[in-house]
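Everything quoted here is computed from the prediction, not taken from an experiment. For this chain, numbers begin at 1 and follow the sequence in order.
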Amino acid sequence: METAFWLDPVRCTGRPREEREPVEQGCYDFLDGLGVPYDRVDHDAAFHIDTCHAVEKVLEAPIAKNLFLCNRQRTQHYLLLLEGDKVFKTKYLSSQLGCSRLSFAPEEDLRELLGVQPGSASLLGLLRDREKRVKLVIDKPLLRQNWLGLHPCKNTSTLRIPTRTVLEQVIPALGHEPVFVELPVEEEG
């Protein structure tokens, strides 16, 4: 029997009043320190696109899909941001990045490099990558959105930040120079 997905029907502005886990608190501290405006929706853990669509309705912003990838040798790691419904094919990304075929990185790499659990990978996880071992990759069509929805390193909340602010303030403050790609739109099947 499937359990119901809890979603707060109210979009809040700024950080929560109650204490959260340190990894999430660190995201709010970072954004507040930059003076970045953001809205927040709290919900049960969101692991699937269907639950993210429900969050998007309250958030009034699309949630970026975040894929944590690596090469076969696990010597190169990538955080790919793309539109939530976009089907990902590794061959197109690998050719644009000029690297060997990519696959999903193991959970232990995600925890070690971004300090998050599976399902919580996010642009804000790059706060933990001080050695710049993860390359940020953004699919250009995502940038056509006015807002970006992303987790504060926990998939029980989702933030809405203006896309322009992400590009002009958040990413430069993270110190990761993004690589922009253009992945083709493909149908599932």
Give me the other members of the hydrophobic cluster that Trp6 sits in, counting Ile, Leu, Val, Met, Phe, Trp and Tyr linked by side-chain heavy atoms under 4.5 Å, directly or via other members.
-> none
Note, Cys99 side chain near Asn71 side chain (heavy atom, < 4.5 Å) = no
When rounded to the nearest 0.5 angstrom, what is the spacing between CG in Leu150 and CG in Asn155?
-> 13.0 Å
pair Leu124-Leu31: side-chain heavy atoms closer than 4.5 Å | yes
Distance-only, no hydrogens or angles: does the Tyr38 side chain make a donor-acceptor pair with backbone N or O of Asp32 under 3.5 Å?
-> no
Is the side chain of Gln169 donor-acceptor paired with the backbone N or O of Leu34 at a distance under 3.5 Å, no angle test?
-> yes
Residues passing the salt bridge (charged side-chain N to carboxylate O under 4.0 Å, His left out) test with Asp139, sequence neighbours excluded, are Lys86
Considering non-hydrogen atoms only, spot the tightest contact between Ile171 and Pro178 and give its length.
-> CG2-CD, 3.7 Å
Ser157 side-chain N/O to Asp42 backbone N/O, donor-acceptor pair under 3.5 Å | no
Go through the structure and list residues passing side chain to side chain donor-acceptor pair (under 3.5 Å) with Glu107, not counting sequence neighbours.
-> Arg111
Stepwise side chain to side chain contact (heavy atoms under 4.5 Å, CB included) test for Val36 and Phe30 = CA-CA 9 Å; Val36 168; Phe30 171 72; over 6 Å; no
Around Lys132, counting heavy atoms of other residues, nucleotides and ligands shown, do more than 12 lie under 6.0 Å from its NZ?
-> yes
Arg160 side, atom CZ; Cys12 side, atom SG - distance, nearest 0.5 Å = 12.0 Å
Side-chain heavy atoms under 4.5 angstrom apart, residues restricted to Ile, Leu, Val, Met, Phe, Trp, Tyr: same cluster for Phe180 and Leu174?
-> yes
Minimum heavy-atom distance between Lys65 and Gly84, given as atom pair plus value = CE-O, 2.9 Å
Contact summary for Arg128 and Leu114, nearest pair of heavy atoms = CG-O, 3.3 Å
Does Asp129 reach the main-chain N or O of Leu113 with its side chain, forming a donor-acceptor pair under 3.5 Å?
-> no
With sequence neighbours excluded, what pairs up with His77 under the ring pair (Phe, Tyr, Trp, His ring centres under 6.0 Å) test?
-> Phe68
Applying side chain to side chain donor-acceptor pair (under 3.5 Å), name anything that partners Asn66, two or more places apart in sequence or on another chain.
-> none
Partner set under side chain to side chain contact (heavy atoms under 4.5 Å, CB included) for Glu177, not counting sequence neighbours = none
With sequence neighbours excluded, tell me which residues meet salt bridge (charged side-chain N to carboxylate O under 4.0 Å, His left out) with Asp44.
-> none
What are the two closest heavy atoms between Pro16 and Tyr28, and how far apart are they?
-> CD-CE1, 3.3 Å
Step through the shown structure and confirm whether more than 12 heavy atoms of other residues, nucleotides or ligands are within 6.0 Å of CD on Glu168.
-> yes
Group every Ile, Leu, Val, Met, Phe, Trp and Tyr by side-chain heavy-atom contacts under 4.5 Å, then state whether Val116 and Leu127 land in the same group.
-> yes
Please list, chain by chain and in numerical order, all residues satisfying side chain to side chain contact (heavy atoms under 4.5 Å, CB included) with Thr163, sequence neighbours excluded.
-> Leu143, Gln145, Leu148, Leu167
Does the Ser122 side chain pair with the main chain of His151, one donor and one acceptor, at a distance under 3.5 Å?
-> yes
Apart from Val179 itself, what residues make up its hydrophobic cluster when side-chain heavy atoms of I, L, V, M, F, W and Y under 4.5 Å apart count as a link, directly or indirectly?
-> Leu67, Leu69, Tyr78, Leu80, Leu82, Phe88, Tyr92, Leu93, Leu97, Leu102, Phe104, Val137, Val181, Leu183
Do side-chain atoms of Gln25 reach the backbone of Glu19 as a donor and acceptor pair under 3.5 angstrom?
-> no
Are Leu142 and Val55 co-members of a hydrophobic cluster defined by side-chain heavy atoms under 4.5 Å apart?
-> no
Could you tell me whether a side-chain N or O of Glu56 sits under 3.5 Å from a main-chain N or O of Ile63, the two making a donor and an acceptor?
-> yes
Nearest heavy-atom pair of Ser94 and Ser100: which atoms, and what distance?
-> OG-O, 3.5 Å
Can you pull the salt bridge (charged side-chain N to carboxylate O under 4.0 Å, His left out) pairs that have at least one residue in residues 73-84, sequence neighbours excluded?
-> Arg74-Glu108, Arg74-Asp109
Non-neighbouring partners of Glu112 that pass side chain to side chain contact (heavy atoms under 4.5 Å, CB included), sequence neighbours left out | Arg133
Modelled atom types, side-chain donor and acceptor of Thr156 and Arg20, under 3.5 Å = no
dist Cys70:SG -> Gln73:CD (nearest 0.5 Å) comes out at 9.0 Å
What distance separates Trp147 CH2 from Leu159 CG, expressed to the nearest 0.5 Å?
-> 12.0 Å
Distance, nearest 0.5 Å, that separates NE2 of His176 from NZ of Lys135 = 8.5 Å
Taking all non-hydrogen atoms of both residues, which atom of Gly115 and which atom of Val23 are closest, and how far apart?
-> O-CG2, 3.8 Å
Do Asp8 and Val58 come within less than 4.5 Å of each other through their side chains, counting heavy atoms only?
-> no
Pairing residues for Ala54 by the side chain to side chain contact (heavy atoms under 4.5 Å, CB included) criterion, not counting sequence neighbours = Leu7
What is the distance from atom OG of Ser95 to atom CZ of Arg101, rounded to the nearest 0.5 Å?
-> 10.0 Å
